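Notes follow the structure.
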Amino acid sequence: MVDRRGWRLKIGVVVPSTNTIVQPDFDDLKPDGVTNHTARISIPDMAIRTDDDFDRLVRLSAAEQDAAVDRVMTAAPGCLVVGMSSLLVWDGLDAARERRRILSDRTGCPVTGGSFAVADALERLGLRRIAILSPYMPIADRHISAFFVEQGFRVENFIGLKCPSPVAIAGTTADTLTRALDEIDGPGVEALVQFGTNLHFMRQAGEEERRRGKPVLAINAVSYWHALRTCGLDDRVEGCGETLAGL
């Protein structure tokens, strides 16, 4: 039976319960005949002051993830997007691949998330030297960097904004993000990558790309692009940079 609204594709999405950006971002991007269906990973809006705090938050999210996945799968989506970028980089590339494989086996459908989506986009662009912006603590910066380095990318610069709680990430201003990009950009950087799915950056990425003359990849837009491509849909992702629109 064909879904009358999602007649081309239903996308299942799991996000932290504290995340207020992924769901509206994804809804802004959906083409005709594609619908998004979101389940929430229950986590507290806990204070994040140290690396140990952030590691605990990731472990709590991982423990709650399967329940959210099982809930959204009752809608029979055609693919699953993990809308928490740290879950698919933690503990290195092999561990991230294994988590994705387990989720694919559990759901019976393709699984993607920000880290794998960004890596695929960079591969298609033939770019290796990157700089990364995240809202996280230094421990996350190390895990994210390791994920890309293990695939042959060079992380030239990295800035983590050390946001004080999961909900606070969504309040990060456009000026703060521009200043952070200014700090990590440079002549040796081929592409700028934004991590942190609760940052409001998707449309700003296109503006930054025009100003800097190089690809600027926003994790939510790239994740959605990758979900479409993984399921064989070639719709252009517009308004988030010419680079992404051309992939």
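Just so we're clear, the structure is a prediction, and the values are computed from it rather than from any experiment. Note that the numbering runs from 1 along the sequence shown for the chain.
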From CG (Leu125) to NZ (Lys214), nearest 0.5 Å: 13.5 Å
Cluster overlap Leu87 with Ile21, hydrophobic side-chain contacts below 4.5 Å: no
Whether Arg8 side chain and Val34 backbone form a donor-acceptor pair below 3.5 Å: no
Enclosure of Arg142 CZ (heavy-atom neighbours >12, cutoff 6.0 Å): yes
Approximate separation, where rounding is to 0.5 Å, of Ser115 OG and Met84 CE: 12.0 Å
Under 3.5 Å: donor-acceptor pair, side chain of Gln204, backbone of Ala174: yes
Pro166 vs Ile48 side-chain heavy atoms within contact, under 4.5 Å: yes
Residue pairs, two or more places apart or on separate chains, that pass ring-ring contact (aromatic ring centres under 6.0 Å, His included) and touch residues 207-247: Phe26-Tyr224
Connected via hydrophobic side-chain network under 4.5 Å: Phe116 and Ile102: no
Salt-bridge criterion met for Arg128 and Glu156 (N-O under 4.0 Å): no
From CZ (Phe148) to NE2 (His143), nearest 0.5 Å: 14.5 Å
Side-chain donor-acceptor pair present, Gln23, Arg40, cut-off under 3.5 Å: yes
Closest non-hydrogen atom pair, Val82 against Leu103: CG2-CD1, 3.8 Å
Sidechain N-carboxylate O distance under 4.0 Å for Asp182, Arg212: yes
Pairs under 3.5 angstrom only: tabulate donor-acceptor contacts from the side chains of residues 238-247 to other protein residues two or more places apart or in another chain.
| from | atom 1 | to | atom 2 | distance (Å) |
| --- | --- | --- | --- | --- |
| Glu238 | OE2 | Arg236 | NE | 2.8 |
| Thr243 | OG1 | Glu209 | OE1 | 3.0 |
| Thr243 | OG1 | Glu209 | OE2 | 3.3 |

Test item: Glu183 side-chain N/O and Arg179 main-chain N/O as donor-acceptor pair under 3.5 Å: no
Point-to-point distance, once rounded to the nearest 0.5 Å, from CZ of Arg56 to CD1 of Ile139: 13.5 Å
Inter-residue atom distance Cys109.SG - Lys10.NZ, 0.5 Å rounding: 11.0 Å
Partner set under salt bridge (charged side-chain N to carboxylate O under 4.0 Å, His left out) for Arg124, not counting sequence neighbours: Asp120
Under 3.5 Å donor-acceptor, Thr38 side chain and Val13 backbone: no
Student check: side-chain heavy atoms of Val155 and Val149 closer than 4.5 Å: yes
Sequence neighbours excluded, every pair satisfying side-chain hydrogen bond (donor to acceptor under 3.5 Å, both in side chains) that has a member inside residues 70-79: Asp70-Arg106
Side chain to side chain contact (heavy atoms under 4.5 Å, CB included) partners for Asp52, two or more places apart: Thr50
Ile11 and Val81, any side-chain heavy atoms less than 4.5 Å apart: yes
Any donor-acceptor pair under 3.5 Å from Ser104 side chain to Arg100 backbone: no
Phe195-Val167 co-clustered via ILVMFWY side chain contacts under 4.5 Å: no
Interatomic spacing from OG in Ser134 to CG in Leu161 - rounded to 0.5 Å: 6.5 Å
Intermediate values then yes/no, side chain to side chain donor-acceptor pair (under 3.5 Å), Thr18 and Asp45: CA-CA 6 Å; Thr18 53; Asp45 185 32; 5.7 Å; no
Arg211 CZ: over 12 foreign heavy atoms closer than 6.0 Å: yes
Set of side chain to side chain contact (heavy atoms under 4.5 Å, CB included) partners for Ala95, sequence neighbours left out: Asp91, Arg99
